[in-house]
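Comments concern the structure below.
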Amino acid sequence: MSELILEAVDLEYSYPDGTKALRNVNLQVHKGEKLAILGSNGAGKSTLFMQFNGIFRPNSGTIKYQGEDISYKNKALIELRKKVGIVFQDPDSQLFSASVWQDISFGPLNLGLPEEVVIERAKQALIDTETTDLEDKPTHLLSYGQKKRVSIAGVLAMEPDVIIFDEPTAGLDPRHSKEFMLLLEKLSLEGKTIILSTHDVDLAYFWSDKMAIMFGGEIIAHGDPGELFRRPEIVKQADLTLPWLIEMHSELVQKGWLPPSTPLPKTREDLFRSIPAKNDKAG
Ligand code: ADP
């Protein structure tokens with residue numbers, strides 16, 4: 001297995017008003033991994049993300065980046081945020097420049113990169129998020145979905161090693177959701193480590209290598225997505241539904257169309273391939 005890149009160790013965190021948001025959170029993320037975090041509203045996903053790049057500091061426990069406890073000194077935090085980028089759930093909390101171009105180039109400019117590198121990175125980020133036609137637009141005139149894509153572009157332009165997406169597809173139309181998944185695939189192929197939170201169990205199931213399920217500030221399960229969705233007690237506790245591929249698979253097994261030994265399909269093509277033609281016998 002590849003090396004650890006990010007780790008939460010015995011994290012506890014309460015907000016200043018006393019809300020206990022994280023309880024004994026332990027999570028290991030490996031380099032290049034695709035990790036999906038599932039959990040209902042208020043489970044603690046965003047709070048955990050903000051621990052990962054030092055926006056919040058745990059009451060106890062530690063965050064480790066490449067095996068070292070992160071430091072909360074200003075300079076160290078700036079370095080950490082070059083490596084661990086977060087795309088927030090609400091794009092309005094991320095966009096603050098007057099125009100799309102200014103917003104996307106702000107991060108790399110701030111890194112002190114040469115102008116031609118800034119331009120190159122910003123252009124690539126515009127292409128990757130299909131926002132090239134918006135580059136001169138004032139950010140406050142964008143639609144929600146456009147703002148979301150621009151906020152993703154701003155983080156991509158920083159070229160972090162770990163990219164955290166908080167509910168990335170919420171508010172995107174089906175075409176842009178699909179394009180976003182292709183972008184995730186491209187980033188994975190480039191070796192990026194990707195963590196995303198989502199309510200979309202289908203997306204979490206087919207996309208992730210590993211899944212963590214949060215409930216009440218705790219990680220109640222972490223492991224292979226197929227195995228976790230086969231644990232009814234976990235699915236029930238976290239208030240999740242089952243991915244349609246798994247539901248369809250169990251229905252087909254139950255009705256005798258598929259032998260019980262048929263492996264869980266990871267994609268719709270896997271499922272369709274496993275269904276026998278009309279005159280074939282199951283098994
Ligand atoms: P999720 O991202 O899974 O929806 P959050 O991390 O946003 O969950 O919230 C975890 C818990 O912390 C919830 O009970 C939420 O109400 C609480 N919380 C979030 N932000 C604040 C805040 N700024 N002050 C007090 N409580 C907060």
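Note that ligands are numbered from 1 as they come in the structure, with each ligand's atoms numbered from 1 the same way.
Between S46 and ligand 1, at least one N/O pair is under 3.5 Å apart. Some N or O of G44 is nearer than 3.5 Å to an N or O of ligand 1, by distance alone. Checking only distances, N41 never comes within under 3.5 Å of ligand 1, N or O to N or O.
When hydrogens are left out, the protein atom nearest atom 10 (C) of ligand 1 is G42 O, 3.4 Å; that is the closest non-hydrogen contact. When hydrogens are left out, the protein atom nearest atom 16 (O) of ligand 1 is T19 CG2, 4.8 Å; that is the closest non-hydrogen contact. The protein non-hydrogen atom at the shortest distance from atom 6 (O) of ligand 1 is T47 OG1, 2.4 Å. Closest to atom 3 (O) of ligand 1, if we only count protein heavy atoms, is K45 NZ, 2.8 Å.
Shown in contact with A43 at under 4.0 Å from a heavy atom are these atoms of ligand 1, numbered in order with element: 1 (P), 3 (O), 8 (O). Each of the following atoms of ligand 1 lies closer than 4.0 Å to a heavy atom of A21: 11 (C), 12 (O).
Residue S40 touches ligand 1 through its backbone alone, judged by heavy-atom distances below 4.0 Å. Contacts between D17 and ligand 1 below 4.0 angstrom, taking non-hydrogen atoms only, involve the side chain exclusively.
When F215, F49, Y15 are checked for heavy-atom proximity to atom 24 (N) of ligand 1, Y15 turns out nearest.
With salt bridges taken as basic N to acidic carboxylate O contacts below 4.0 Å, none links K210 and D224.
A heavy-atom distance below 4.5 Å is not found between the side chains of E33 and I194.
Remark: T139 OG1 to L95 CG distance equals 5.5 Å, nearest 0.5 Å.
Here the two rings, on Y65 and F52, have centers that are 6.0 Å apart or farther.
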| request: Just do the side-chain hydrogen bond (donor to acceptor under 3.5 Å, both in side chains) check on N41 and H199 with the steps written out, would you? | output: CA-CA 9 Å; N41 291 331; H199 291 290; 3.3 Å; yes

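Aromatic ring orientation, W244 versus F272: tilted (interplanar angle from 30° to 60°).
Of the options N26, D69, I63, a side chain to side chain contact (heavy atoms under 4.5 Å, CB included) to V9 is made by N26 and by none of the others.
Taking both residues in full, the closest heavy atoms of S93 and F88 are given as OG-CB, 3.7 Å, listed atom of the first, atom of the second, then distance.
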